Number of protein chains: 2
Amino acid sequence: MAGLKQVQRQTGVALWRQIADRIREAIGTGAYDETGMVPPETVLALQFGVNRHTVRSALAALAQEGIVRAVQGRGTLIERKERLNFPITRRTRFTSGIGDQARETRGLLLDGATEEASAEVARWLGLKPGEQVVRLETLRHADKRPVSKATSWFPAVRFAGIGEAYRKHESITKAFAELGLSDYVRATTEVTAAHASTADLADLELTPGAILLIAKAMNTDLDGVPVQYSISRFAADRVQFTIEN
Amino acid sequence: MAGLKQVQRQTGVALWRQIADRIREAIGTGAYDETGMVPPETVLALQFGVNRHTVRSALAALAQEGIVRAVQGRGTLIERKERLNFPITRRTRFTSGIGDQARETRGLLLDGATEEASAEVARWLGLKPGEQVVRLETLRHADKRPVSKATSWFPAVRFAGIGEAYRKHESITKAFAELGLSDYVRATTEVTAAHASTADLADLELTPGAILLIAKAMNTDLDGVPVQYSISRFAADRVQFTIEN
DNA sequence: TATGGTTGTCTATATCAATAGACATTTTAG
DNA sequence: CTAAAATGTCTATTGATATAGACAACCATA
């Protein structure tokens, strides 16, 4: 067991953070479900081959995140354990995709503006660079926990009022409907992973070193005309994608 | 500019590593393509709000990875810049997916064994827990650079000799063909992201703190019978997934 | 060839990360 | 009540991380 979950030294990532990441992941995969507790500090120290104080630093970080709670004399209890599944299909929608796994979902509009399309955005939306697009920054919650942060672009000519509509309905699907688009489909999704930027860390309530799953997606209407290009960032320890073919 | 790429202190992730990660990503997205060089150390230090020596530590790490090369008096040149695209479709195959983006692809068999199916493996392959499965550990290269490491399970009754066949052909598709399975399709793919384990770091030639894109995939034959369950780990800074719907 | 811009090297100092050991405090089980 | 097991707290020491400043070495170019 000692060699299984080893950590590396002198790599710029503190041991306590590597250990915290591994324990968080183990909790997420249900490794400690039998007891509902993390193994004792001395056992973890032995497993990871580090000093008990180093393990304590890791557990303190997890306690700060609200994932575990230490009780003197008893042990360290697991408080929260969640990994949502986000299906990616031709009919991908955030609310219905996550909705059946959470009691409450919310969509917050952080920022909205009309601006000129960058080369990348123009290419995805089939516009000329410089044409007007509406950009929305949105933050989506499931059961009061932030799940993803997204930047979306829409052709301004067709969807001028989408910012206000999103603020009202807290849903892209409903905002589209209000603007006369009753249905749309997911055309392409590109998935990458990266470290979170400072702004995303704060909004998603993550700690530095945390990982994001990034989905660049393009939706079209039923005629195949692009209606939305978006870059969504998901907290990787709270979400997984499922692609059904 | 100073605020855009900020880094965070006292988080268990050394500043030099955060900066190295950001520069590596910026190189990958083509931010410095105009000059083919990274900005001067003093400029980077100003942008990130750190001392020049800290930037030097970051650049030294990237030089170690072979991504940049510093030339005294001139600047720091970008040596290598790659991000492969891996399409996920009903007909997903590694070699043909990556093949058109690399001159040479290779598949190395690291380990192979026949063993009893765990609960997870049995569930995916439609077997009873404890039934025999063949497990293969494979490492896949594109142009001499390791791209992904995969653990695959196959029903042992049907694919007893697949280890030897893979070693010969360096391709799952060809190994299947030799064992009488001429075609197969991708049924389900689950995508997550996580920090790499020590063993994966070494095999994929990554530095700790590096991120993996993880695809759990299940392939079936044309009758819908599961033939393969695999967990593939990709170096996130070298690969992106594309899902076409 | 002189100058400005760039990377390379050195010294010094303060803080964070990790180890080590000892002992206190609390809970659970016997 | 007692003992074992677990977390909490304290002191001390070492090495890694980060800052600061000064100057050397090298390159391109005017």
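Letters A, B, ... are given to chains in the order of the sequence lines, protein chains preceding strands, and every chain is numbered from 1. The structure displayed is predicted, hence computed values, not measured ones.
Whole-Å rounding puts the Arg17(B) CZ to dA18(D) C1' distance at 16 Å. Rounding to whole angstrom units, CG of residue Leu59(B) and P of dG8(C) are separated by 9 Å. We find that CD1 of Ile19(B) is positioned 12 Å from C1' of dT17(D), with the value rounded to whole Å. As rounded to whole Å, 11 Å separates atom P of dG8(D) from atom CZ of Arg69(A). Straight-line distance from the CZ atom of Arg56(B) to the P atom of dC10(C): 11 Å, rounded to whole Å. Note: CE (Met37(B)) to P (dG5(C)) measures 15 Å, nearest angstrom. For the pair Glu41(A) CD and dT26(C) C1', the computed distance is 13 Å after rounding to whole Å.
Judged by distance alone, with hydrogens and angles left aside, Arg52(A) brings a side-chain donor or acceptor within reach of the base of dG8(D), the pair sitting under 3.5 Å. With hydrogens and angles left out, the side chain of Gln72(B) and the base of dT6(C) share no donor-acceptor pair within 3.5 Å. Applying the 3.5 Å distance criterion, the base of dG21(D) shares a donor-acceptor pair with the side chain of His53(B).
Positionally, the nearest nucleotide of DNA chain C for Pro40(B) lies more toward the 5' end than for the other of Val71(A) and Pro40(B). For Gly73(A) and Thr54(B), each mapped to the nucleotide of DNA chain D holding its nearest heavy atom, the one lying further toward the 5' end belongs to Gly73(A).
When distances are taken from the side chain of Leu15(A) to each of dT7(C), dT9(D), dT19(C), the shortest belongs to dT19(C). The side chain of Arg74(B) sits closest to dA28(D) out of dT7(C), dA28(D), dA6(D). The side chain of Asn51(B) sits closest to dA20(D) out of dA20(D), dA18(D), dT28(C).
When each of Lys149(A), Arg140(A), Arg233(A) is tested with Asp203(A) by the rule salt bridge (Lys or Arg N to Asp or Glu O under 4.0 Å), just one qualifies, namely Lys149(A).
Among the protein residues, Thr76(B) comes within range of the sugar-phosphate backbone only, with heavy atoms under 4.0 Å from sugar or phosphate atoms but none that close to a base.
Aromatic rings from Phe234(B) and Phe241(B) are positioned such that their centres are separated by under 6.0 Å.
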Original post:
Should Glu131(A) and Glu116(A) be marked as a side chain to side chain contact (heavy atoms under 4.5 Å, CB included) after you check the CA-CA gap, both sets of side-chain angles, and the distance that decides it?
Top reply: CA-CA 5 Å; Glu131(A) 278 195 81; Glu116(A) 296 188 349; over 6 Å; no

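The CE atom of Met37(B) sits 5.0 Å away from atom CG of Leu77(B), with the distance rounded to the nearest 0.5 Å.
Under 4.0 Å is where a charged nitrogen must lie from a carboxylate oxygen, and between Arg238(B) and Glu205(B) no such pair does.
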